[in-house]
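Counting starts at 1 for both ligands and their atoms, in listed order. One-based numbering along the sequence shown.
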Amino acid sequence: MPYVTEVDLAHPTEDSADAWWRDAVVYQVYPRSFADSDGDGVGDLAGIRDKLGYLELLGVDAIWLSPVMRSPMADHGYDVADPRDIDPLFGDLADFDALVAEAHEREIRVTMDLVPNHTSDQHAWFAEALAASPGSPARARYYFRDGRGEGGTEPPNNWRSMFGGPAWTRVTEPDGSLGQWYLHLFASEQPDLNWDNPEVSDDLARTLRFWLDRGIDGFRIDVAHGLAKPDQLPDMAHNDESELLDSAEGDPRFDQDGVHEIHRNIRKVLDEYPGSVAVGEVWVDDDERFGDYVRPDELHLAFNFRLVQADFDATAIREAIDHSIRAVGRVGATPTWTLSNHDVDREVTRYGGGAVGRDRARAMALVKLALPGVAFLYNGSELGLPNADLPDEALRDPMWERSGHTERGRDACRIPLPWEGTEPPFGFTDGKSAPWLPIPTDWSGLTVESQLEDLDSTLTLYRSALELRAKHPEFSGAEIEWYGSPSECLAFRRAGGVICALNASAEPISLPPGTLVLASAPLIDGKLAPNAAAWLV
Ligand code: NOJ
């Protein structure tokens, strides 16, 4: 008996004309690594603008820009010194406006990252806090606390930073004495804001309006599950290093009930701008608690990372899909799908690397793009890029230093994109300066140029898939129905009619009945190859 997953995508408060994002394909641009227009080896806004034609050709509905605001770049932009200005490394506000305008002309929406959990230690507020005394209003915008033990030499609690080491750093007081400690869930250059302080929420509202008034279509909310901290900041039950960005149940650093009021306030501002959208970064495993973030008066969308965490295994993938749909179905919200981003290994590498990893990543692209809801696509996935092997001296992620060189961090998935030519920098930059991370010399077969006209390339597969998904009514409908399938395989049907079959077994399998419209690999005697997926109608 086929199993039907019930889900209702109608969100009571959303006018469907404004909910353009409900079945969108959103392309994540990691600006440092996308395209460099000024030859300094780091990507920038003008570089992105130059490539809008490419994104139009690819067929994406929207882009999400990782942070481009003023930042000393201790965490490559996720340490914001001024949330209402563009960092000179990326350009200026005029470049930003030009990018948004041209994207809109091409019918591509633009969304951007916001980082409300913390600021940079170079933010004016933090400088004020350091210059002020314990107990002052300037310190109350952050978490400053006295240390524990004799002379306050121990951190105020046992929380660990997500990048390694303690989540507290001790400051020198204005009089030169060793003083209080401040909280930072990430690097010490990223002090956590105190969201109980109304100045903090007022400032975010100002930032939201600042960008919305400039025509931005929405935001990705960084660490959306971590903004509220529990009263008294109790110790963690376990003092283990958590896996990067993942949060365990009961971890006092994340998913506190108080976070929902913050999201309601964000939503109120966005509701003043019909058609705008907020998607939260929510590393919360429990389906019900996850769904709470996308209740009708909270965020529109939340990243569900279950597909990122699933191995290339039919049971694990099916469970990830079911959980993702159920988590939001309860509150009538839209599911989201993502295979990778700038924080996790690229899917080609996660699925085993080499030709097998690439085949599996291609197959999973078809699975993801057949599902109901919003599909996020990390720049370079469409080229089938793997992680790169980097020598120690090339590593730039703060995790590398903070972990005492035990965690290599995320640089391997952030390599600049190869656009053209046969050797690095493959058109990413003009060659005056080296790219900020070295591009592997053997990526000439992965460039946009080499894949554009190649009918078998991953880029062509993505272009075909996006075109089919956009144009055909078979890709409509909120429900999926699971079909019976051979072991280690899965097949589902969208209400609109498209069927997606995935073969994660070692043998070719028969396709479900229907007309084949796209396959991630050539059929073998009419059968679906191992590590491949197909669409049928
Ligand atoms: C999540 C972001 O995706 C990651 O890149 C960043 O390091 C942390 N939040 C801290 O802002």
Minimum-distance pair of heavy atoms, taken over all atoms of G380 and E382:
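Closest heavy-atom pair between G380 and E382: N-OE1, 2.8 Å.
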At a non-hydrogen distance cut-off of under 4.0 Å, which region of [X] contacts ligand 1 (side chain, backbone, both, or neither)?
{"X": "H118", "result": "side chain"}
{"X": "M399", "result": "neither"}
{"X": "V223", "result": "side chain"}

Below 4.0 angstrom from a heavy atom of [X], which ligand 1 atoms are there? Numbered from 1 as shown, please.
{"X": "R414", "answer": "5 (O)"}
{"X": "R220", "answer": "2 (C), 3 (O)"}
{"X": "E281", "answer": "1 (C), 3 (O), 9 (N)"}

Check whether any heavy atom of R410 sits under 4.0 Å from an atom of ligand 1.
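Under 4.0 Å: yes for R410.
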Please determine whether side-chain hydrogen bond (donor to acceptor under 3.5 Å, both in side chains) holds for the pair D287 and H323, giving the CA-CA distance in whole Å, both sets of side-chain angles, and the decisive distance to 0.1 Å.
CA-CA 7 Å; D287 287 346; H323 276 286; 2.5 Å; yes
Shortest heavy-atom approach to atom 4 (C) of ligand 1 - which of D343, L185, D79, D75:
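When every heavy atom of D343, L185, D79, D75 is considered, D343 comes closest to atom 4 (C) of ligand 1.
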Which option, Y30, F303, F186, owns the non-hydrogen atom nearest atom 10 (C) of ligand 1?
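Of the listed residues, F186 has the closest heavy atom.
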Do R145's NZ or CZ and the ring of W168 fall within the cation-pi criteria of under 6.0 Å and 45°?
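R145 over W168 ring: no.
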Between F305 and W283, is the ring centroid distance below 6.0 Å?
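Here the rings of W283 and F305 have centres that are less than 6.0 Å from each other.
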Is it the case that the side chains of S381 and E347 hold a donor-acceptor pair, with the cut-off being a distance below 3.5 Å and no angle test?
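Checked: E347/S381 side chains pair up, N/O donor to acceptor below 3.5 Å.
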Is it true that S120 and E189 share a donor-acceptor pair across their side chains at a distance under 3.5 Å?
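Distance-only check fails for E189 and S120.
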Passes side-chain contact (heavy atoms from CB on, under 4.5 Å), D95 versus I86? Steps please.
CA-CA 9 Å; D95 293 318; I86 296 293; over 6 Å; no
